[in-house]
Amino acid sequence: MENTQTQQTQYPGVITGGIVGLLLTLPLLALFFLGNTLVRLPLVPLDFFDFLVPIIPGDLITFVIDIMVDAIIGLGFGDSVDTIAKRIEQAMGYGFILAVGVVVGAVFFATARNFENFLYGAGAVVGAVIGVVFTAISLNNAFFSTDPRFAALWVMGLFVAWGVAFGWLYRDISLLPVKAKKAAPAAAATAGEPAMEIPEAHVERMGRREFLVRVGGATATLTVVGAGLGLLIGEPGEPAPSVAADIEQQTENGLGNALPNANAEVQPAPGMRPEYTPVEQHYRIDIASRPIEIDLATWTLPFTGLIAEDRAFTMAELREMDSLDQYITLQCISNRIAGNLISTTKWTGVPVRDVLAQLDIDEDGKWLRIDGGDGFFEYVSIDMIMEDERIVFAYDWDGQPIPERNGFPLRIYIPERYGMKQPKWITAIEVVAEDERGYWVRRGWSATAIMQTTSIVDTIANQDLFEDEDGNIRVPVGGYAMSSTRGISKVEVSVDGGEWTEAQIRTPISDKTWVFWRYDWLFESGTHEFAVRCYEGDGTPQPEEEQDVRPDGATGIHSASARLANNLMDGTEEPAGA
């Protein structure tokens, strides 16, 4: 029998479509990234992430945050929780769009046979529909600085081209020739039987695989080039590193002025984190995937609501008012015991009550609803504001405008509260009659967010053993105690579960900052565990019961252990927080 060649069209299916969707979406993401880096065009993956976060149930957000932070700490990156967490959030945004691309590709390839003669048009329609959705999302934020019309054209154009590419690839894959090869005569028992042919499906799969490999190579090249150029130029809003231990202690602020406690008798134990945090290392936790960009030239602080007449203040007007300087330690409510979501710097701003004094507030106006440019909002009692001049609209840190990543141009400071109650990037304030619960309160976090009193062991300085005046070898152990503005009257240390012994307390920078403590322990070789507890200014002991960060902030006794070497020359420190 004569061998023949056959040719047959077999339409690609869902799996092939999903692969194509992945391959086409990768360069799409790279182009969005490059456009954002070059001329601040919308960055759709992060715009979509920021759109999703406010509508996701609070319990789910908290669950994801807990898993993410636990994983970061478990992998040994606890000193960079805020930076790494922000990178993970951004990666999730890119992942969401990749998932959309895979789903669209799968659905398109599963249904494209029905409009085989209209593939390019169908792809364009799909891209346009999806483009409209993402254009609306991207234009409804503060993360791009180009003309909205050009921004919309950019997003729509890329998505339409992306959709057309689906039709183009579907057509090309469908038209791949499916040919059966001439088969060699089989070792048949009966002479004259026809030769066997390689199954057509096998040949077809191989052809498509080779084609997809080539497409993958091309899209990988575009992705690498686009993303590489973006990274080379520099991604905007790059987060600064978190506070890390073993940074040389500062005795001056950023302006070169001596800190108020520069001459304190008690010195921090070697290896402590800095007592005064460099501004570029101040922690950052917020609901935005990127720092908000606000143009100070057009920004105002508008007041609306239950007031006789709306009023807006410029930054120049705020700076003309009497200012207040305060050294402040701020902490995130999601900071684990001994975590690094806590920082200290000098805040400058105008007391909020001085600003409110220039408004004619209605009798029913009892609260301020403060909105940030990132979509975050919180309610603050007007009565509390009028009684406490320490509540300020802050515009400077360390004598310079607050960094963009930390809330430029304006944020509020409220004593004794965790950061979750203090909006940044303030863009609007409304005088209202009732507290309708702020962003995180609605998601199950504390309604008051009063900072918990805690103390931690930050260093066991086995490399810095010293002899005291009696010739005894001692090990410096140190940490901090924190009660916001309530003060610290005493810190005690227990070694290996023994009795509690009072430690030395260093004069704090101010009554609103953490207090550093030091305990020079009489050296004994071996592995030892050091635990710490503290008392507030009025003698109230810190909560000793272990409590997770949700909903009111973490509490409990902190301890750390180290193996202490038996001489001054070969000491090695192996801290293991417990």
Side-chain angles (χ1 to χ4, degrees), residues 53-55 58 61 285-288 292 294 299-315 317-318 321-322 324 326 328 330-333 347 349-395 402 407 409-452 484-485 512 550-553:
V53 169
I55 62 178
I61 292 178
I285 294 292
D286 50 65
I287 64 172
I292 308 301
I294 294 178
W299 175 89
T300 61
L301 178 63
F303 284 83
T304 59
L306 299 176
I307 53 178
E309 183 179 359
D310 291 352
R311 174 73 187 274
F313 295 87
T314 65
M315 179 57 70
E317 290 175 316
L318 294 175
M321 301 180 195
D322 291 339
L324 184 64
Q326 303 178 89
I328 294 167
L330 186 68
Q331 182 175 198
C332 180
I333 196 170
W347 297 54
V350 55
V352 178
R353 69 183 186 184
D354 291 353
V355 179
L356 297 188
Q358 301 185 43
L359 306 176
D360 186 1
I361 299 177
D362 293 355
E363 190 175 294
D364 294 334
K366 301 297 182 183
W367 295 82
L368 297 184
R369 174 185 161 126
I370 304 177
D371 286 81
D374 59 342
F376 180 80
F377 60 92
E378 188 50 79
Y379 293 81
V380 184
S381 166
I382 292 179
D383 287 342
M384 181 175 69
I385 290 171
M386 302 308 292
E387 294 171 359
D388 193 344
E389 73 166 354
R390 301 172 301 173
I391 302 175
V392 298
F393 286 134
Y395 42 73
I402 292 174
L410 197 73
R411 60 183 295 166
I412 193 171
Y413 166 67
I414 307 172
E416 295 198 31
R417 267 64 176 182
Y418 284 109
M420 64 157 276
K421 297 289 285 186
Q422 310 189 38
K424 305 185 283 290
W425 302 292
I426 298 176
T427 55
I429 298 179
E430 182 182 6
V431 180
V432 296
E434 297 180 356
D435 175 7
E436 298 179 4
R437 300 188 304 157
Y439 182 94
W440 284 117
V441 179
R442 296 184 184 188
R443 288 160 173 79
W445 289 83
S446 174
T448 58
I450 299 294
M451 201 175 294
Q452 300 282 3
S484 187
T485 63
K512 305 177 191 68
R550 181 181 173 91
D552 298 308

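One is the number of the first residue; the rest follow in order along the sequence.
- In this structure a side-chain-to-backbone donor-acceptor pair under 3.5 Å is missing from Glu309 to Asp360.
- Residue Met384 comes nearest to Val380 through the heavy atom pair CE-CG1, 3.8 Å, listed as atom of the first residue, atom of the second, then distance.
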**OP:** Start with the C-alpha distance between Glu436 and Arg442, add both sets of side-chain angles, then the distance that settles side chain to side chain contact (heavy atoms under 4.5 Å, CB included), and finish with yes or no.
**Re:** CA-CA 9 Å; Glu436 298 179 4; Arg442 296 184 184 188; 4.1 Å; yes
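- Every pair passing salt bridge (charged side-chain N to carboxylate O under 4.0 Å, His left out) that includes a residue from residues 411-423 is listed here, sequence neighbours excluded: Glu378-Lys421, Glu416-Arg486.
- Distance check, rounded to the nearest 0.5 Å: CG of Asp383 to CH2 of Trp367 gives 8.5 Å.
- Atom CG of Leu410 and atom CD1 of Ile402 lie 7.0 Å apart (nearest 0.5 Å).
- In terms of heavy atoms, Pro551 sits closest to Gly444 at CB-O, 3.3 Å.
- Proximity of Lys366 to Ile382: side-chain heavy atoms (C-beta onward) are nowhere separated by under 4.5 Å.
- In this structure a side-chain-to-backbone donor-acceptor pair under 3.5 Å is present from Tyr418 to Gln452.
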**OP:** Just do the side-chain hydrogen bond (donor to acceptor under 3.5 Å, both in side chains) check on Asp371 and Thr427 with the steps written out, would you?
**Re:** CA-CA 6 Å; Asp371 286 81; Thr427 55; over 6 Å; no
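- Under a cut-off of 6.0 angstrom, the local environment of CG in Asp322 is sparse, with at most 12 non-hydrogen atoms contributed by other residues, nucleotides or ligands.
- Counting heavy atoms from C-beta on, the side chains of Ile414 and Val352 never come closer than 4.5 Å.
- Two residues are said to be in side-chain contact when any heavy atoms from C-beta on lie closer than 4.5 Å; Asp286 and Phe376 fail this criterion.
- With contacts defined as side-chain heavy-atom distances shorter than 4.5 Å, the pair Ser381/Asp435 does not qualify.
- Between Pro415 and Ser484, the shortest heavy-atom contact is C-OG, 4.3 Å.
- Using a 4.5 Å heavy-atom threshold, the side chains of Asp374 and Lys424 count as separate.
- Qualifying side chain to side chain contact (heavy atoms under 4.5 Å, CB included) partners for Arg311, counting only residues two or more places apart in sequence or in other chains: Phe313, Glu317, Gln358, Leu359.
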**OP:** Test side chain to side chain contact (heavy atoms under 4.5 Å, CB included) on Val441 and Tyr379 and set out the steps.
**Re:** CA-CA 10 Å; Val441 179; Tyr379 293 81; over 6 Å; no
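- For the pair Asp362 (side chain) and Asp364 (backbone), a donor-acceptor distance under 3.5 Å is absent.
- In this structure, the separation between CD1 on Ile285 and CE on Met420 is 13.5 Å, given to the nearest 0.5 Å.
- Listed here is the closest heavy atom pair of Trp347 and Ala394: CE3-CB, 3.6 Å.
- In this structure, Ala449 and Ile333 approach most closely via the heavy-atom pair CB-CD1, 4.4 Å.
- Using a 4.5 Å heavy-atom cutoff, the side chains of Val431 and Leu368 are in contact.
- In this structure, CZ on Arg369 lies 10.0 Å from OG1 on Thr304, to the nearest 0.5 angstrom.
- Across every non-hydrogen atom of Trp299 and Ile426, the tightest pair is NE1-O, 2.9 Å.
- Between the side chain of Trp445 and the backbone N or O of Tyr439 there is no donor-acceptor pair closer than 3.5 Å.
- Ile391 CD1 to Leu324 CG: the interatomic distance, rounded to the nearest 0.5 Å, is 11.5 Å.
- With contacts defined as side-chain heavy-atom distances shorter than 4.5 Å, the pair Arg443/Pro54 qualifies.
- Here the CG-OG1 distance, from Leu318 to Thr300, works out to 10.0 Å after rounding to the nearest 0.5 Å.
- Every residue two or more places apart in sequence or in another chain that forms a side chain to side chain contact (heavy atoms under 4.5 Å, CB included) with Lys512 is listed here: Gln326, Ile328, Arg390, Tyr413, Thr485, Ser510.
- Here the side chains of Phe303 and Val355 are in contact, with some heavy-atom distance below 4.5 Å.
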